[in-house]
Amino acid sequence: MRQFLIDYPYVTLFGVIALGSLLGLVKFGPVRLGAAGVLFAGLAVGALDKGVGPAVPTALSVEGLALYVYTVGLESGPAFFREVGRQLPVMLGAIVALVVTALAVGWGGHALFGISGPFLAGGYAGIGTTTPGLAAAQAASDDPTQPAVGYAIGYPLAIIVTILFLSVLAKRRPWPARRDPGDGLPDRLATVTVVVERGVRLSQVPGVAAGRLLVSAYQPVGGQTAVALDLELLHPGEQVVLVGGEEDVAIGVAFLGARAAHHLLDTREQVDYRRILVTNPALAGHTVAELGLGERFGAKASRLRRGDVDLLVHDDLVVQLDDRIRVVAPRGEAEKINRYLGDREGSASEVSAVSLGLGLYLGFLIGIPSITVGSTKLALGAAAGPLLMGMFLGWRRRTGPLVWTLPTRANLTLRQIGLLLFLAIVGLTSGYAFRVNAFSLFGLKLVALLLVGAVLSYSLLLVVCRLLGQSRERAMGLLAGYVGNPALTAHANAQVRDSRINTGYSTLFALAILVKIICIQLIVGL
């Protein structure tokens, strides 16, 4: 069996991916390992014989990593550049926390325990669950198996400790948030028809001016249902359709009058509504206002579904390929809107080979230059180069006819394939070294050091959040993004329902990866 694994490396590789993916489905307490299960399956198979690792086609790991970080950058770039003005103090605080942790792990491990830089760099990447950081540590090390050992030890520690932190935060009372008031944007939307009992301006309805509530359709007294395009005044006896978060809608109903016995849009004689898939490349990167639905078709968008999340529409919301927009329109205009937005299921998974290839080419290109700091050579490399380029192009969204962003489903598919290839190969090539080093006195020392480093790191970030007046909910999201694992975001959302968790995650996720990559290369040089 061992010789078979060595002689047929591609069979071994995809066997590990299958086995590890099954392991990733197993629930350990509140979370699953997910893609990281492939890493541990690879370590187990690679530990069987020292000849398994050298037989694996390692070039595939670089390509897989590049696909992963580039697609992450495309998705995270817009949120990063949008939040950098508002959350700059938090970002700077996170950078300080990461640097302090790097000094503690690097200096402490080297001076107190005599552990070499590559092991420490991999461990630092592990407590940050940073796959690109592991790649950077391996690229900077003479022996790439050493960072993988540290990473495999640090990764489960990071998951366990972060879950404990998030669970404690969720049970605490919300603390004062002088710079982060409110409840965040609604994460669950409701649509209700209201009978107006008082004459008011639409802007006076709580939540409308703040963009937390909108009116999609209305029916004047004795009139027909119409799309609410230029509605300003509401009169007693009229009926309006409110769209927003459940609490905001309830407040709006209480303010205006009472809930109607029948939903206005159940009758589609004058006004129709439907979800339409955006697949027209010419519209990607434009705001909802720039779509011109009102001017072109007398229609109005009320919701936008992106992945598994429903977003309340506002004029500045940027549309991406594979979004599903709920449009309220005069009957007879729906088919025209379908053709305009695209609505082709087959296009939802299509990838522009030109923009993908060019983006990755540019990412690899900016990863080549290096600078020397002492005895350490720093470079963006195949991890940070494509990530940075992906963030920039994702923020730009398009250049002339080139659409840089990918449909959501295509992005997630490419990201998953890239990550699985990288983790499987890392596990296979490092399994034997993990077997030799992890279960020893050396391994215990590394576990103790990384445990202290993880607690220190996460505590520092939460202190920063508290001092800068961030809410408990945003702090939970910031911590999940700081550590960099989507499973942690899911755990935080299961504890507390608040959209600021996801916003906080997006704020620090890509930034933390970049800072960790730089720190990791410096730690390797110890």
Side-chain angles (χ1 to χ4, degrees), residues 63 66-82 84 275-297 299 301 304-307 311 313-327 329 333-368 380 382 384-418 506 510:
E63 295 161 6
L67 267 181
Y68 172 72
V69 295
Y70 181 71
T71 50
V72 164
L74 288 178
E75 183 182 55
S76 302
F80 173 80
F81 287 105
R82 182 179 65 247
V84 70
R275 284 191 186 271
I276 303 175
L277 185 67
V278 180
T279 58
N280 182 354
L283 302 181
H286 291 287
T287 64
V288 169
E290 291 170 343
L291 296 182
L293 296 176
E295 297 85 346
R296 292 171 182 266
F297 311 104
L304 185 148
R305 187 167 184 83
R306 181 169 296 160
L311 303 173
V313 163
H314 55 83
D315 285 347
D316 296 328
L317 181 62
V318 176
V319 176
Q320 298 180 9
L321 293 175
D322 204 24
D323 286 344
R324 290 185 180 271
I325 301 179
R326 176 176 284 188
V327 179
E333 295 293 321
E335 291 304 322
K336 298 177 185 177
I337 300 172
N338 277 17
R339 290 194 295 270
Y340 174 62
L341 296 180
D343 202 35
R344 292 175 55 237
E345 286 287 347
S347 300
S349 301
E350 290 180 0
V351 175
S352 168
V354 175
S355 62
L356 178 64
L358 183 57
L360 283 168
Y361 168 78
L362 294 173
F364 280 121
L365 207 58
I366 65 171
I368 294 174
L380 292 175
L387 174 64
L388 266 178
M389 185 55 62
M391 290 173 64
F392 175 74
L393 295 178
W395 171 60
R396 296 299 303 165
R397 292 190 170 90
R398 64 184 303 135
T399 303
L402 281 178
V403 177
W404 300 111
T405 55
L406 298 172
T408 302
R409 279 175 277 185
N411 184 303
L412 294 176
T413 300
L414 289 173
R415 186 186 311 181
Q416 185 79 349
I417 291 171
S506 299

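These figures come from a predicted structure and were not determined experimentally.
Of all heavy-atom pairs between Ile366 and Gly385, the closest is CD1-O, 3.4 Å. Residues Ala299 and Val327 approach most closely at CB-CG1, 3.7 Å, considering heavy atoms. Nearest heavy atom pair, residue Ala510 against residue Leu387, reads O-CD2, 4.2 Å. Shown here for Phe364 and Ala66, the closest heavy-atom pair between the two residues is CZ-CB, 3.3 Å. Across all their heavy atoms, Ala329 and Ile337 have their closest contact at CB-CD1, 3.6 Å. Annotation for Ile325 and Ala301: closest pair CG2-CB, 3.6 Å, computed over non-hydrogen atoms.
Leu311 has its side chain out of reach of Asp323: every pair of non-hydrogen atoms, C-beta onward, lies at least 4.5 Å apart. Annotation: side chain of Leu341 is not in contact with side chain of Asn280 (no heavy-atom distance under 4.5 Å). Within the 4.5 Å cutoff, the side chain of Ile276 has no heavy atoms near those of the Tyr340 side chain. Using a 4.5 Å cut-off on side-chain heavy atoms (C-beta onward), Leu414 and Tyr70 make no contact.
Residue Leu393 holds its CG atom at 13.5 Å from CZ of Arg398, rounded to the nearest 0.5 Å. Note: Met389 CE to Leu360 CG = 10.5 Å, rounded to the nearest 0.5 Å. Gln416 contributes atom CD, which lies 11.5 Å from atom CG of Asn411 (distance to the nearest 0.5 angstrom). To the nearest 0.5 Å, atoms CZ (Arg296) and CD (Glu333) are separated by 12.0 Å. Here the straight-line distance linking atom CD of Glu290 with atom CG of Asp315 works out to 10.0 Å at 0.5 Å rounding.
Environment of CZ in Arg396: sparse, with no more than 12 heavy atoms of neighbouring residues, nucleotides or ligands closer than 6.0 Å. With a 6.0 Å radius and a threshold of 12 heavy atoms from other residues, nucleotides or ligands, Tyr361 has its OH atom at or below the threshold.
Thr399 pairs by the side chain to side chain donor-acceptor pair (under 3.5 Å) definition with Trp404, not counting sequence neighbours. Evaluation of the side chain to side chain donor-acceptor pair (under 3.5 Å) rule for Arg275 yields Asp310 as partners, not counting sequence neighbours.
When each of Val313, Val288, Thr287 is paired with Val319, the side-chain contact (heavy atoms from CB on, under 4.5 Å) condition holds for Val288 and for no other.
Not a single donor-acceptor pair under 3.5 Å links the side chain of Ser355 to the backbone N or O of Leu402.
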